[in-house]
Peer 1: 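Quick one: structure below, then a few questions.
Computed over heavy atoms, backbone and side chain alike; hydrogens, waters and symmetry mates excluded.
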Amino acid sequence: MKAARLHRPGEMSVEDVAVPIPGPRDLLVRVEAAGICGSDRHMFRGEYPTALPVTLGHEFCGIVEGVGEDVSQVRVGDRITADPNIACGHCDACRAGRVNLCANLQAIGVTRDGGFAEYVVVPEGQAIVLPAGLDPLLGAFSEPLACCLHGLDVARIKPGDSVAVLGGGVIGLIMVQLARLAGAGSVVLSTRQAPRRELALSLGATHAVDPSAGDAAAAIRAIAPEGVDVALECAGVPETFSQALAVVRRGGAVVLFGVMAKGTTVAVEPFDLLVREVRLESAWLNPHTHARAAAMIAAGQLKLAPLISRIVGTADIPAELMAEPRFGDIKVMVRPG
Ligand code: NAP
């Protein structure tokens, strides 16, 4: 089969490899669709640790074509999504139920071969069966949606709350929708690309601001003079973290979701956070949220098709990861073969 294999930072090739053999508790899954994520770019550049060599691809959906002898729930022919993060179940974090903080976390498409290939092996316990008729391109959103759902859980948005989403990539555009589904009365998105702002308004945002047009925090404060109840940082840049702290109201919450490069620092004024009792939270990965994400996609609760900007083949993956994201792209999907 063809697989996009990362050998060293910056060195990836699409090559012929043997179809993997599932272990007794594993599924052999024919990949139908896999999303390219910003983390894949970080891994490609060596900015995020991976096993090497490895087939990347942690957001995927496919059909089960083989099962190990001890597989009991999933059947050949099922369409599944996989929670890529495999917790050890034994460390302190796992025993406390905080599986995303597992000290020995393994991940499909990071530390073991993933979905940028024709086939991938998935432990049965990581698989969630999707409806047979679901478009696999939508099923491949399960992983990013699952991460967003954890962000939403952490944010504790209440009906009627005001929310600011800073950064309008795929994550921000999903967060806009989740905030409205959680009952937010107003959602303002800040992002530089005008088509994304228009899209956000069509997806449920009540306001959209352009941070390149001036002071984004002031623009959000003009919409919500007392500040917002919840600010979700979804860009992964220092400015948006500072803006989130500036736009949150007294007693409100800031959720750090975007990934800033290791070593990045941001100035904060502890006195200001203290006397305004700002709840400062972070949300990492998808603890116990993958099945909920799959259920929401199966129920058609989110508009995900408008977030797909391009579909490419396996052979295109190295060039996609080498290049900066193209203007206008939101989610680039891979369809193997
Ligand atoms: P993305 O496609 O890079 O989207 C982020 C967007 O933020 C950019 O495309 C950009 O859009 C916007 N942006 C950049 N600078 C900005 C600024 N100064 N003000 C306002 N917007 C700005 O990434 P994504 O896939 O949506 O993911 C968002 C972040 O979440 C990334 O850092 C990603 O690594 C992280 N992430 C975290 C988790 C987790 O578990 N915590 C899971 C998945 C992803 P414009 O060009 O329109 O401004």
Peer 1: Check each of Leu152, Ile171, Leu232, Val154 against Phe257 using the side-chain contact (heavy atoms from CB on, under 4.5 Å) test, and report the only one that passes.
Peer 2: Ile171
Peer 1: Between Ala294 and Ile128, what is the shortest heavy-atom contact and its length?
Peer 2: CB-CG2, 3.6 Å
Peer 1: Among Leu321, Asp113, Ile317, Ile36, which one satisfies side-chain contact (heavy atoms from CB on, under 4.5 Å) with Leu56?
Peer 2: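 The side-chain contact (heavy atoms from CB on, under 4.5 Å) with Leu56 is passed solely by Leu321 among Leu321, Asp113, Ile317, Ile36.
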Peer 1: Answer yes if the side chains of Asn85 and Asn100 hold a donor-acceptor pair under 3.5 Å, and no otherwise.
Peer 2: no
Peer 1: Is there a path of hydrophobic side-chain contacts, each under 4.5 Å between heavy atoms of I/L/V/M/F/W/Y residues, joining Ile157 to Val278?
Peer 2: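 Val278 does not cluster with Ile157.
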Peer 1: When rounded to the nearest 0.5 angstrom, what is the spacing between OG in Ser162 and CZ in Arg249?
Peer 2: 5.5 Å
Peer 1: Looking only at heavy atoms, which two atoms of Pro336 and Ala117 are closest? And how far apart?
Peer 2: CG-O, 3.6 Å
Peer 1: Under 4.0 Å between a side-chain nitrogen and a carboxylate oxygen: does that hold for Asp229 and Lys158?
Peer 2: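 No, Asp229 and Lys158 are not salt-bridged.
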Peer 1: Backbone N or O of Gly77 within a donor-acceptor pair of the Glu65 side chain at under 3.5 Å?
Peer 2: no
Peer 1: Can you get from Leu145 to Val332 by hopping between Ile, Leu, Val, Met, Phe, Trp and Tyr side chains that sit under 4.5 Å apart?
Peer 2: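 In one cluster with Leu145: Val332, no.
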Peer 1: Taking atom types as modelled and ignoring hydrogens, do the side chains of Arg5 and Thr55 form a donor-acceptor contact shorter than 3.5 angstrom?
Peer 2: yes
Peer 1: Is it the case that atom CZ in Arg25 sees more than 12 heavy atoms from other parts of the structure closer than 6.0 Å?
Peer 2: no
Peer 1: Regarding Arg196 and Glu198, does a basic nitrogen lie under 4.0 Å from an acidic carboxylate oxygen?
Peer 2: no
Peer 1: Rounded to the nearest 0.5 Å, what separates atom CG in Leu6 from atom CG in Asp40?
Peer 2: 10.0 Å
Peer 1: Considering residues, nucleotides and ligands other than Arg276, do more than 12 of their heavy atoms fall under 6.0 Å from its CZ?
Peer 2: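 Enclosed.
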Peer 1: Between the side chains of Asp16 and Lys2, is the shortest nitrogen-to-carboxylate-oxygen separation below 4.0 Å, so that they form an ion pair?
Peer 2: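 Here Lys2 pairs with Asp16 in a salt bridge, since their nearest N and O are under 4.0 Å apart.
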Peer 1: Rounded to the nearest 0.5 Å, how far does CD1 of Ile174 lie from NZ of Lys331?
Peer 2: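 Atom-to-atom, Lys331:NZ and Ile174:CD1 are 7.5 Å apart.
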Peer 1: Specify the closest pair of heavy atoms between Ala103 and Cys91, including all atoms of both residues, with the distance to one decimal.
Peer 2: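 Closest heavy-atom pair between Ala103 and Cys91: N-SG, 3.3 Å.
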Peer 1: Which heavy-atom pair separates Arg197 from Arg192 by the least distance, and what is that distance?
Peer 2: NH1-O, 2.7 Å
Peer 1: Could you tell me which non-hydrogen atom of Leu52 sits nearest to which non-hydrogen atom of Pro9, and how far apart they are?
Peer 2: CD1-CD, 4.1 Å
Peer 1: Nearest 0.5 angstrom please: Gln177 CD to Cys148 SG, how far?
Peer 2: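 Here the interatomic distance stands at 10.0 Å.
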Peer 1: So, are Arg41 and Glu47 salt-bridged, with charged N and O less than 4.0 Å apart?
Peer 2: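 No.
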Peer 1: Considering residues, nucleotides and ligands other than Asp70, do more than 12 of their heavy atoms fall under 6.0 Å from its CG?
Peer 2: yes
Peer 1: Check for me, please, whether Met43 and Trp284 land in the same ILVMFWY cluster - side-chain distances under 4.5 Å, paths through other members count.
Peer 2: yes
Peer 1: Any idea which heavy atoms bring Met260 and Glu233 closest together, and the distance?
Peer 2: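 Here Met260 and Glu233 meet closest at CE-OE1, 4.4 Å.
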Peer 1: Please check if the side chain of Arg180 supplies one atom and the backbone of Ala184 the other of a donor-acceptor pair under 3.5 Å.
Peer 2: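 Checking the backbone N and O of Ala184 against the side chain of Arg180, a donor-acceptor pair under 3.5 Å is found.
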Peer 1: Are Val228 and Val187 connected into the same hydrophobic cluster when the rule is that any two of I, L, V, M, F, W, Y join if their side-chain heavy atoms are below 4.5 Å apart?
Peer 2: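 Val187 and Val228: separate clusters.
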Peer 1: Go through the side-chain N and O atoms of Ser142 and His290 and say whether any donor and acceptor fall under 3.5 Å apart.
Peer 2: no
Peer 1: CZ of Arg335 to CG of Asp316: how many Å apart, nearest 0.5 Å?
Peer 2: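 Spacing of CZ (Arg335) from CG (Asp316) equals 14.0 Å.
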Peer 1: Would you call Asp153 and Arg292 a salt bridge, taking side-chain N to carboxylate O under 4.0 Å as the test?
Peer 2: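 Answer for the salt bridge query: yes.
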Peer 1: Check the hydrophobic clustering (I, L, V, M, F, W, Y; side-chain heavy atoms under 4.5 Å; chains of links allowed) and say if Val121 and Val110 are grouped together.
Peer 2: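 In one cluster with Val121: Val110, no.
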Peer 1: Any chance you could measure Gln301, atom CD, to Met296, atom CE, to the nearest 0.5 Å?
Peer 2: 4.0 Å
